[in-house]
Amino acid sequence: MSNCRVDIDDSSVVVRLTGVLDAAGAEAVRGALLARLCDRPGPVVADVTGLRVVDPVGRGVFAEVRREVADWPAADLLVCDPTVDGPDHTDAPLAGVPAWPTLDGALAAAAPLAAVLTAELAPTVGAARQARELVTAGCERWGMPTLIDPACIAITEMVNNVVAHAQTPMTVRLAPQDSTLHLAVRDHSTRRPTFAGLSPPNRIGGRGLLLIDTVARRWGSSAVPDGKVVWCVLHPDDEAAAPE
């Protein structure tokens with residue numbers, strides 16, 4: 001990534017990329033953007049005014065990152081690119097990524113978050129209880145009482161997986177999006193969860209991902225620098241219940 005520089009200002013939503021971005025630097029840019037989206041809730045603006053992209057792979061990294069974070073709570077990627085006409089641009093590599101020709105326009109679109117809750121938790125026995133309290137408070141605040149039980153089931157399993165396997169500090173985050181609730185737990189282990197479907201009835205353990213799969217409309221994990229994000233989306237129309 002020696003030809004592409006990434007500058008991050010902790011007090012701003014803007015990530016500035018300057019220099020030359022090619023296919024070799026795309027993965028490093030992807031990691032830098034995902035790390036920033038992990039560290040703070042809300043949209044991030046990638047300012048590429050001073051960046052020259054020399055191939056479609058490099059330019060396509062922005063659409064890739066936006067797809068990756070689509071189901072994270074309170075996360076989005078916008079672009080400031082003086083070569084586009086506005087958010088409805090037809091630039092194929094940026095397809096699906098809202099882009100503005102000016103930084104002021106992109107910042108205006110990156111509106112402050114109206115609703116998001118975050119907690120930093122240690123990998124201890126009490127972490128799941130703290131996470132459930134956060135989820136319950138969020139659901140009550142946002143008028144989602146029917147999602148309290150399934151969300152508590154999901155967050156318990158997500159947190160307990162960190163306690164049992166990753167054994168690292170974690171960030172729990174949740175936010176509403178329209179009528180859905182988005183949950184995520186970020187830890188510092190690169191070990192990704194694997195789900196093999198139903199477990200034999202005589203098997204001890206291994207039911208955590210099954211429970212998440214049962215109560216959530218969709219779920220998944222994202223590899224990020226120094227760890228991963230495990231996320232899920234719950235919908236009030238889902239009548240799924242955890243297996244007995």
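Start at 1 with the first residue, then count along the sequence. Remember, it's a predicted structure, so these values are computed and weren't measured experimentally.
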**Message:** Is there a continuous path of hydrophobic side-chain contacts, each under 4.5 Å between heavy atoms, that joins Val233 to Ile148?
**Reply:** no

**Request:** Considering non-hydrogen atoms only, spot the tightest contact between Asp178 and Met144 and give its length.
**Result:** O-CE, 4.0 Å

**Fill in**
Closest heavy-atom pair, Ala115 versus Ala175, reported as atoms and distance to 0.1 Å, is O-CB, 3.6 Å

**Asked** So, Ser11 and Asp9: side-chain donor and acceptor under 3.5 Å apart, yes or no?
**Response** yes

**Request:** To the nearest 0.5 angstrom, please state how far the CE atom of Met170 sits from the OG1 atom of Thr124.
**Result:** 7.0 Å

**Request:** Heavy atoms only: give me the nearest Leu37-Arg173 pair and the separation to one decimal.
**Result:** O-NH1, 3.8 Å

**Asked** Of the non-hydrogen atoms in Leu17 and Ala46, which two are nearest, and what is the gap between them?
**Response** CD1-CB, 4.0 Å

**Prompt:** Side chains of Asp47 and Thr49: do they bring a donor and an acceptor to under 3.5 Å?
**Reply:** yes

**Message:** Please say yes or no: joined through hydrophobic side-chain contacts below 4.5 Å, possibly via intermediate residues, are Phe62 and Val57 part of one cluster?
**Reply:** no

**Request:** Determine, step by step, whether Val15 and Val45 satisfy the side-chain contact (heavy atoms from CB on, under 4.5 Å) criterion, reporting the C-alpha distance in whole Å, the side-chain angles of both residues, the deciding distance to 0.1 Å, and the verdict.
**Result:** CA-CA 6 Å; Val15 174; Val45 175; over 6 Å; no

**CG-OG1 distance between Leu174 and Thr118, expressed to the nearest 0.5 angstrom** = 7.5 Å

**Asked** Rounded to the nearest 0.5 Å, what separation is found between the OG1 atom of Thr136 and the CG atom of Leu147?
**Response** 11.5 Å

**Request:** Have a look at Met158 and tell me which of Val185, Asp187, Leu209 forms a side chain to side chain contact (heavy atoms under 4.5 Å, CB included) with it.
**Result:** Val185

**Message:** Nearest 0.5 angstrom please: Ser179 OG to Leu234 CG, how far?
**Reply:** 11.5 Å

**Prompt:** Should Val84 and Trp100 be marked as a side-chain contact (heavy atoms from CB on, under 4.5 Å) after you check the CA-CA gap, both sets of side-chain angles, and the distance that decides it?
**Reply:** CA-CA 7 Å; Val84 303; Trp100 283 260; 5.9 Å; no

**Prompt:** Hey, are Trp231 and Ser221 close enough side-chain-wise for a donor-acceptor pair under 3.5 Å?
**Reply:** no

**Asked** Are any of the side-chain nitrogens in Arg59 or Asp81 under 4.0 Å away from the carboxylate oxygens of its partner?
**Response** yes

**Message:** How close do Ile155 and Ala131 get, counting heavy atoms only, and between which atoms?
**Reply:** CG1-CB, 3.8 Å

**Prompt:** Would a hydrophobic clustering, with Ile, Leu, Val, Met, Phe, Trp and Tyr connected at side-chain separations under 4.5 Å, put Val48 with Ile8?
**Reply:** yes

**Asked** Looking at CG of Asp149 and CZ of Arg132, how far apart are the two atoms once the value is rounded to the nearest 0.5 Å?
**Response** 11.5 Å

**Asked** Under 3.5 Å, is there a donor-acceptor pair between the Thr180 and Arg217 side chains?
**Response** no

**Item:** Atom pair SG (Cys4) and CG (Asp22), whose distance is rounded to the nearest 0.5 Å
**Value:** 8.5 Å

**Message:** Checking Thr18 against Arg5: is there a side-chain donor and acceptor pair closer than 3.5 Å?
**Reply:** no

**Asked** Which pair of non-hydrogen atoms, one from Lys228 and one from Ala166, has the smallest distance, and what is that distance?
**Response** NZ-CB, 4.4 Å

**Message:** Check Glu27 with Arg30, please: is the shortest side-chain N to carboxylate O separation under 4.0 Å?
**Reply:** yes

